[in-house]
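Just the heavy atoms: all of them, side chains too, but no hydrogens, waters or symmetry mates, feed the values below. Lettering of chains follows the sequences in order, A, B, ..., and the numbering in each one begins at 1. No experiment lies behind these values; they were computed from the predicted model shown.
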Amino acid sequence: MLDAKLFRSELAETAARLAETRGYQLDVAKLEQLEQRRKALQVRTESLQAERNSSAKAIGKAKAQGEDIQPLLAAVDSLGQELDQAKHELNDIQNELHEIISGVPNLPAEEVPLGADEEDNQEISRWGTPHAFDFAAKDHVDVAAQLAHGMDFEKGAKLAGARFVVLQGAIAQLHRALAQFMLNLHVNEHGYTEAYVPYLVNHDTLYGTGQLPKFGEDLFHVQGATEKQVPLSLIPTAEVPLTNLWRDEIADEEQLPLQYAAHTPCFRSEAGSHGRDTRGLIRQHQFDKVELVWLVKPEESMATLERLTEHAERVLQLLELPYRKVLLCTGDMGFGACKTYDLEVWLPTQETYREISSCSNMGDFQARRMQARFRRKGAKKPELMHTLNGSGLAVGRALVAILENYQQADGSVKIPTVLQPYMGGKTVIQP
RNA sequence: GGAGAGAUGGCAGAGUUCGGUUGAAUGCACCUGACUUGAAAUCAGGCGUGGGUUCACACCCACCGGGGGUUCGAAUCCCUCUCUCUCCGCCA
């Protein structure tokens, strides 16, 4: 959420910037009108409340002294009704304002290139050289099909439906090895605190990181056995629980920066992507991810984004997977981000780079929703933190990349050196 | 699953019986000043969060787990939800 003050004192500029960067049309006239009414109503409501408070005190005093309070009661007779009405009107307006404002995306950082979609993203760097195959390279589905136990989409469909998979044998083990390797790397070498978190979260938590109210249809919602139980939702990423660890908290300055890493499954309804990436493991309703989250002081967030991205890159480098780093343009960034790097891994059969990590600085956008704050030493007022998150990496897509990049002519798949200790020393998965 | 107790400011902990000047006693922690060579101890003062009006000074409003209700007035009474703790049962 953007600072409400932007919608009051700098409405025109904010609207122009949102249109320029995000193609987001802010209804300026409506906001102005609502804001005007809000102001009048709030002043009126609060002065009625002040009046009620002082009357109530006067009545209390008179009663204590044994005076007749009937005339005083008569004097405030109509006040209650008036106040009720003013409160309701104010409440309606504020709800309306909040609904509009909480649906406005974050403003991109200055240095983010202007653009409408992924066409305008900026390639920053490339690492590694795509392997030249002297045989016809297969995609990960076909590679896996040749192995003793593979990737079983039919079983996935039987058990749950489309976009679910069952992994078995060496592939399942490789999948686990990847997650373990990543988490160990970040915890042991990059300073992250390992966290185990709930996979089901409440609506306040989802609001905090920006999934609600606007993107509820991207999630799986879970209702307990009784109507009375509070509704929960499956996390679409560990960013949600990790970042919300500091919702409604005030940290001491010395506690920052905070950095968390967690390996969790992620659940996405993929409501808007019917027909996209239907083959293989690329786009599933359930996938595993190692997520990295930072909570920092505002002045440190941009430098932290670089570090966070390097940590994700390090995973690809150690796995020896060719990738490129892309700076997303204003139009392609997520709702809450002010700057995002995507890491894209090389997939030989698609002859293209596919997203495997997304690292974002959310600025104070989530922190404001969550009221995640810190207090500088000696300062009276708490300040909003900045939050960042990045995948380090998506486990399923990393598995895809390995199967495709490490396949050999005989149908076997080499195991990347760094994963071999996690595979009982095995160096290759045989057909 | 059954029975009971509880949720108050950074922490601890009064207030809830019998609603009234209580944004909330007291202690600890913390900050500022005095004393001191320095520190400790002591003394004095300060010390929650969010929001609104205002150039500002300042003033006002809301908040005692969440939501709703009763009332001129609710931390205090009623309803409801959530969470925590104790005992029994069950369970990975």
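- Comparing B:rC30 with B:rC88, their C1' atoms are spaced 45 Å from each other, to the whole Å.
- Remark: B:rU37 base-pairs with no nucleotide in the shown strands. Criterion, Watson-Crick or G-U wobble with two distances under 3.5 Å.
- The nearest whole Å value for the distance from the CG atom in A:D248 to the P atom in B:rG48 is 19 Å.
- In terms of the ring-ring contact (aromatic ring centres under 6.0 Å, His included) criterion, A:Y24 has no residue partners (sequence neighbours excluded).
- To the nearest angstrom, C1' of B:rU49 lies 16 Å from CD of A:E383.
- In this structure, the CD atom of A:E254 is 13 Å from the P atom of B:rC30, given to the nearest Å.
- Between A:R368 atom CZ and B:rU49 atom P there is a gap of 18 Å when expressed in whole angstrom units.
- Note: A:F365 and A:F335 meet the aromatic proximity criterion, with ring centroids under 6.0 Å apart.
- Base pairing annotation: B:rG4 forms a Watson-Crick or G-U wobble pair with B:rC85, both donor-acceptor distances under 3.5 Å.
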Show every donor-acceptor pair shorter than 3.5 Å between a side-chain atom in residues 424-431 of chain A and any protein atom, with sequence neighbours excluded, or say none if there are none.
none

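- Separation of the P atoms belonging to B:rG19 and B:rC78 is 11 Å when rounded to the nearest angstrom.
- Between the P atom of B:rC83 and the CZ atom of A:R247 lies a distance of 14 Å, rounded to the nearest Å.
- Judged as a ring-ring contact (aromatic ring centres under 6.0 Å, His included), and not counting sequence neighbours, the contacts of A:H190 are A:H186, A:H311.
- Using the Watson-Crick or G-U wobble rule with both distances under 3.5 Å, B:rG50 pairs with B:rC61.
- Residue A:K5 is classed as having no contact, given no heavy-atom separation below 4.0 Å to the nucleic acid.
- Distance check on atom P: B:rU80 versus B:rC85 gives 23 Å, rounded to whole Å.
- Rounded to an integer number of Å, the gap from CD1 of A:I250 to C1' of B:rG48 is 8 Å.
- If you take CE of A:M1 and P of B:rG50, they are 13 Å apart, rounded to a whole angstrom.
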Using a 4.0 Å cut-off on protein heavy atoms (strictly under), produce a 5'-to-3' string for nucleotides 59-73 of chain B with B for base contact, S for backbone-only sugar-phosphate contact, and - for none. -BSS---------BS
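- Applying the salt bridge (charged side-chain N to carboxylate O under 4.0 Å, His left out) criterion to A:E189, with sequence neighbours excluded, gives A:R314.
- Annotation: B:rC18 and B:rA5 have their C1' atoms spaced 24 Å apart (nearest Å).
- Of the candidates A:Q122, A:E306, A:K325, A:E306 is the only one forming a side-chain hydrogen bond (donor to acceptor under 3.5 Å, both in side chains) with A:Y341.
- The same atom, C1', is picked in B:rA12 and in B:rC87; the two are 27 Å apart, to the nearest Å.
- At a threshold of 4.0 angstrom between heavy atoms, the contacts of A:R8 are confined to the sugar-phosphate backbone, with no base atom among them.
- Every side chain to side chain donor-acceptor pair (under 3.5 Å) that A:N184 has, sequence neighbours left out, goes to A:Y422.
- Under the Watson-Crick or G-U wobble criterion, with both distances below 3.5 Å, B:rC72 is paired with B:rG20.
- Each of A:M362, A:E291, A:Q366 was compared with A:T243 under the side chain to side chain contact (heavy atoms under 4.5 Å, CB included) criterion, and only A:Q366 meets it.
- B:rG48 and B:rU26: their P atoms are spaced 14 Å apart (whole Å).
- In a base pair of the Watson-Crick type (N1 to N3 plus N6-O4 or O6-N4) or a G-U wobble (N1-O2 and O6-N3), with each distance short of 3.5 Å, B:rA12 is matched with B:rU26.
- Between B:rC81 and B:rG23, the distance separating the two C1' atoms is 26 Å to the nearest Å.
- Only the P atoms considered, B:rC63 is 35 Å distant from B:rG2, to the nearest whole Å.
- A:R375 places its CZ atom 12 Å from the C1' atom of B:rG9, with the value rounded to the nearest Å.
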